[in-house]
Amino acid sequence: MTKKRKKDKIEDLLLHETKDRRLFPNVPDPSGRRSNSSRRNNHEGESRPEYAEFAGQRYEVKLDVAVTLGKRTFHGTTENISQTGMLVRLPAEAALEDFDGQDITLNFRLNEGDLQEGTEKRYRHLKAKVVRTIEAKHAAAIQFSRPLYEERRNTDQLLFILASLFLTFCSAVIMLMRVESIRYFARNPWLYGYSIMTAMFLLSRYLFGSFYRPTPVDPDYTPSVTIVIPCFNEETWIRETIVRCADQDYPVDKLELIIVDDGSTDNSVEVIKQTVRDMCAEGPQYDIENRVRVFFQNYNQGKREAMGIGIRNARTELIVFVDSDSFLYPNSIRTLVQPMKDPKMGGVAGRTDVANIYTNWLTKMQAVRYYISFRIMKAAEAYFDSVMCLSGPLSCYRLDVVREVFDKWINQRFMGQKATFGDDRSLTNYVVEHYRTGYQDHAICSTIVPNRNKQFLRQQMRWKRSWLRESLRACTFMWKKQPFMAISFYLGVLVPLIAPLIVIYNLVYVPIFRHIFPAAFLIGLLMMSLMMCFAQLILKKSSLWFYGFLFCLYYEVILLWQMIWAWLTFWVNDWGTRGKGKKRAEAEAEAKARQREEAVEHG
């Protein structure tokens, strides 16, 4: 893996999977002779560590490894590695015939980014066996006696115990501090009332997030699904996105794809066409010509219009939206649809991880933030069947429910202007008003996140504006929901809105005008940030947990103050990461001039 800087551009750092010779290695055998579910056994086993999923997936990694055969030790280099084995190039003095079929011992270290997050550590005296030798590479294919996640079991148990103790300590400190707030409430009802509300909101989310359990997979439940992929200027990632969506452990006759290019000005159109041609060449058994449809818009109209084309043309029971820079796991669709067995469930969100985690400190912070946002915050909302944002990277809806609210959503206006961002949160709002919405933690995709501050801050401003707009609308109906969820929702709206004023009061007014050091306030912030860190350590078992603290610091110093600007400009239709408001206005003017409303389908 490499990372390069080109002026302001930073090349993203990703895991490099060893590619299968087949484009669709995970698609079930159409003849029915082979079942991916039974072969992998990756749909059950809730007690296994998360990184045990697809343990046999190999990654191209160069590691120094000490191979001990009998009393002799040789130093080789890995060509690829998985959690179940590795391919090692041996030194010239090692005779391959001596290794074939032999038991050996390995010593090596996995660093961050070599394998899935959470596997990094030094592995000592790891027992393994050479299953074959490859003379052309002077290499040995090695199978570990136990998968690496089994080798981490003792480490994981220790991390769980320590992190649980620290998390309990932080929670206790926060509750004790709130007892003090109750005692002194009469002195300053606004300030102490806010601290009580914040503690209630935060602790309740962690509490109910801990109660959450994903819906078990029923291998026989496979409703028909359309995956819609809106694309605008994603020539770098769109091929991988499309192939991952097609390469699903899901019945071929139950899954179709709709790709909508929203007037891309880069090479996305050619990449999409070539990708579809390559998929068709894999063979008629995959039925790509009938299952994959592509629509090309002549000019950019926005993600909502692209999603709308997919909704109009879908012909299945469920519709799934996947962003054009997001990558599904092979079992994502099968796992995602499971909560839809409940006929009252209108939509479900999958979990989004960060694909480019190890690019720099900014992406590492986002990785922790994403995980807590989904595994704790969305999971807590799912406990009450009211997830408030089915996120764009991976979300599923009942198609007839979406069509029921389609006209309102596609034509949504706010303060006289057409809504041009916050499309996923907006669609969720229309659905959650009358239906249940859920979260499926084991339906995972990874997405590319901003790796530069300027790009990240634009994205965050766009998200805050859409959050404000949609939260105001949700306030009109959330009181009808389950009482505890309704209270939690209104607290979740009020707390961040008031937060900038509270910070100014505690960190500016109190020290300067009252000459008091804000120790209690700072301790409270520290405890809340450490709760995020330790929760990530317990659940993810990753060495990145400390970046949760850094993210909280970044939020208080920088992101928090965006909320004030968002208050003043939340009606502004600026797409943020996809271009400035001026470019959006020019695109809309061009759209009106051409007077074209429908996409042109290229069959």
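Scope of the values below: all heavy atoms of this structure, side chains included, with no hydrogens, waters or symmetry mates.
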(message) With side chain to side chain contact (heavy atoms under 4.5 Å, CB included) as the criterion, how do Met532 and Phe551 come out once you've worked through the C-alpha distance, each side chain's angles and the decisive distance to 0.1 Å?
(response) CA-CA 10 Å; Met532 182 178 183; Phe551 176 80; 4.0 Å; yes
(message) Using 0.5 Å steps for rounding, measure from the CD atom of Glu117 to the NZ atom of Lys540.
(response) 5.0 Å
(message) Phe374: which residues meet the ring-ring contact (aromatic ring centres under 6.0 Å, His included) condition with it, sequence neighbours left out?
(response) none
(request) Tell me, please, which residues at least two apart from Phe24 pass ring-ring contact (aromatic ring centres under 6.0 Å, His included). (result) Tyr286
(request) Working to the nearest 0.5 Å, report the span between CD1 of Ile238 and OG of Ser268. (result) 7.0 Å
(message) On a heavy-atom basis, which atom in Leu394 and which in Ala443 lie closest, and how many Å separate them?
(response) CD2-O, 3.7 Å
(message) My understanding is that only residues two or more places apart in sequence, or in another chain, count here; which of them pass salt bridge (charged side-chain N to carboxylate O under 4.0 Å, His left out) with Lys71?
(response) none
(request) Name all residues meeting the salt bridge (charged side-chain N to carboxylate O under 4.0 Å, His left out) criterion together with Lys127; count only those two or more places apart in sequence or in a different chain, and write none if there are none. (result) none
(request) Begin from the C-alpha positions of Ser332 and Gln248 and carry the test side-chain hydrogen bond (donor to acceptor under 3.5 Å, both in side chains) through to its verdict. (result) CA-CA 7 Å; Ser332 293; Gln248 287 293 303; 4.8 Å; no
(request) May I ask you to check whether Gln83 and Gln116 show a side-chain donor-acceptor distance below 3.5 Å? (result) yes
(request) Quick one: which residue pairs count as a ring pair (Phe, Tyr, Trp, His ring centres under 6.0 Å) with a foot in residues 58-84, not counting sequence neighbours? (result) Phe74-Phe99
(message) For the residue pair Asp278 / Thr275, report whether a side-chain donor-acceptor contact shorter than 3.5 Å exists.
(response) no
(request) For the residue pair Asp247 and Asn26, confirm or rule out a side-chain donor-acceptor distance under 3.5 Å. (result) yes
(message) Under the rule for side chain to side chain contact (heavy atoms under 4.5 Å, CB included), what residues qualify as partners of Thr78, not counting sequence neighbours?
(response) Leu63, Val65, Met86, Val88
(request) Run the salt-bridge test on Glu256 and Arg293 with the 4.0 Å N-O cut-off and return the result as yes or no. (result) yes
(request) Could you tell me the separation between the CG atom of Asn233 and the CG atom of Asp266, rounded to the nearest 0.5 Å? (result) 4.0 Å
(message) Within the 4.5 Å heavy-atom criterion, are Asp64 and Phe108 side-chain neighbours or not?
(response) no
(message) Among residues at least two apart in sequence or on other chains, which ones pass side chain to side chain contact (heavy atoms under 4.5 Å, CB included) with Ala139?
(response) Leu87, Arg89, Lys137
(message) Looking at every non-hydrogen atom in both residues, tell me the closest pair between Tyr206 and Ala535 and how far apart they are.
(response) CE2-CB, 3.6 Å
(message) If only side-chain N and O atoms count, and only distance matters, is there a donor-acceptor pair under 3.5 Å linking Asp12 with Asn451?
(response) yes
(message) Could you work out, with side chain to side chain contact (heavy atoms under 4.5 Å, CB included) as the rule, every residue matching Cys389, not counting sequence neighbours?
(response) Lys378, Ser391, Arg425
(message) Suppose we screen for side-chain hydrogen bond (donor to acceptor under 3.5 Å, both in side chains). Which residues come up paired with Tyr397, at least two apart in sequence or across chains?
(response) Thr428
(request) Measure the CZ-CZ distance between Arg452 and Phe456 for me, rounded to the nearest 0.5 Å. (result) 13.5 Å
(message) For Thr84 and Gln143, which I'm curious about, is there any donor-acceptor pair between the side chains at under 3.5 Å?
(response) no
(request) Might you point out which heavy atoms bring Ala306 and Asp262 nearest each other, and give the distance in Å? (result) CB-CB, 4.4 Å
(request) For residues Leu318 and Pro223, report the shortest heavy-atom separation together with the two atoms involved. (result) CD1-CG, 3.5 Å
(message) For a quick check under 3.5 Å, do Tyr439 and Asp441 share a side-chain donor-acceptor pair by atom type?
(response) yes
(request) Using side chain to side chain contact (heavy atoms under 4.5 Å, CB included) as the criterion, list what pairs up with Ile558, not counting sequence neighbours. (result) Leu457, Tyr554
(message) I need the minimum non-hydrogen distance between Asp353 and Ile444, along with the two atoms involved.
(response) OD2-CG2, 3.6 Å
(message) Quick check: closest heavy atoms across Cys245 and Leu255, and the distance to 0.1 Å?
(response) O-CD2, 3.8 Å
(request) Would you please say whether a donor-acceptor pair under 3.5 Å links the side chains of Ser326 and Thr447? (result) yes
(request) Enter the distance from Ile258:CD1 to Thr226:OG1 here, rounded to the nearest 0.5 Å. (result) 5.5 Å
(message) Is the shortest side-chain heavy-atom distance between Tyr358 and Thr363 below 4.5 Å?
(response) no
(request) Output yes when Arg244 and Glu17 qualify as a salt bridge under the 4.0 Å nitrogen-oxygen rule, no when they do not. (result) yes
(request) Is it possible for you to check whether Lys121 lies under 6.0 Å from the centre of the six-membered ring of Tyr123, through NZ or CZ, and within 45° of that ring's axis? (result) yes
(request) Using side-chain contact (heavy atoms from CB on, under 4.5 Å) as the criterion, point out the one residue from Leu257, Leu336, Val320 that pairs with Val225. (result) Val320
(request) Decide whether Thr335 and Gln440 meet the rule of one side-chain donor and one side-chain acceptor closer than 3.5 Å. (result) no
(message) I'd like to check the ring-ring contact (aromatic ring centres under 6.0 Å, His included) partners of Phe534; sequence neighbours left out, ordered by chain and number.
(response) Phe166, Trp545
(message) Would you say that more than 12 heavy atoms from the other residues, nucleotides or ligands in this model lie under 6.0 Å from the NZ of Lys129, or not?
(response) no
(request) Might you work through the salt bridge (Lys or Arg N to Asp or Glu O under 4.0 Å) test for Lys19 and Glu240, ending with a clear yes or no? (result) CA-CA 12 Å; Lys19 297 299 181 182; Glu240 186 73 10; 3.5 Å; yes
(message) Quick test of your reading: applying salt bridge (charged side-chain N to carboxylate O under 4.0 Å, His left out), list the pairs with at least one residue in residues 93-110, sequence neighbours left out, ordered by first then second residue.
(response) none
(request) Drop me the distance from Asp287's CG to Asn290's CG, to the nearest 0.5 angstrom. (result) 4.0 Å
(request) For the residue pair Arg277 and Gln274, confirm or rule out a side-chain donor-acceptor distance under 3.5 Å. (result) yes
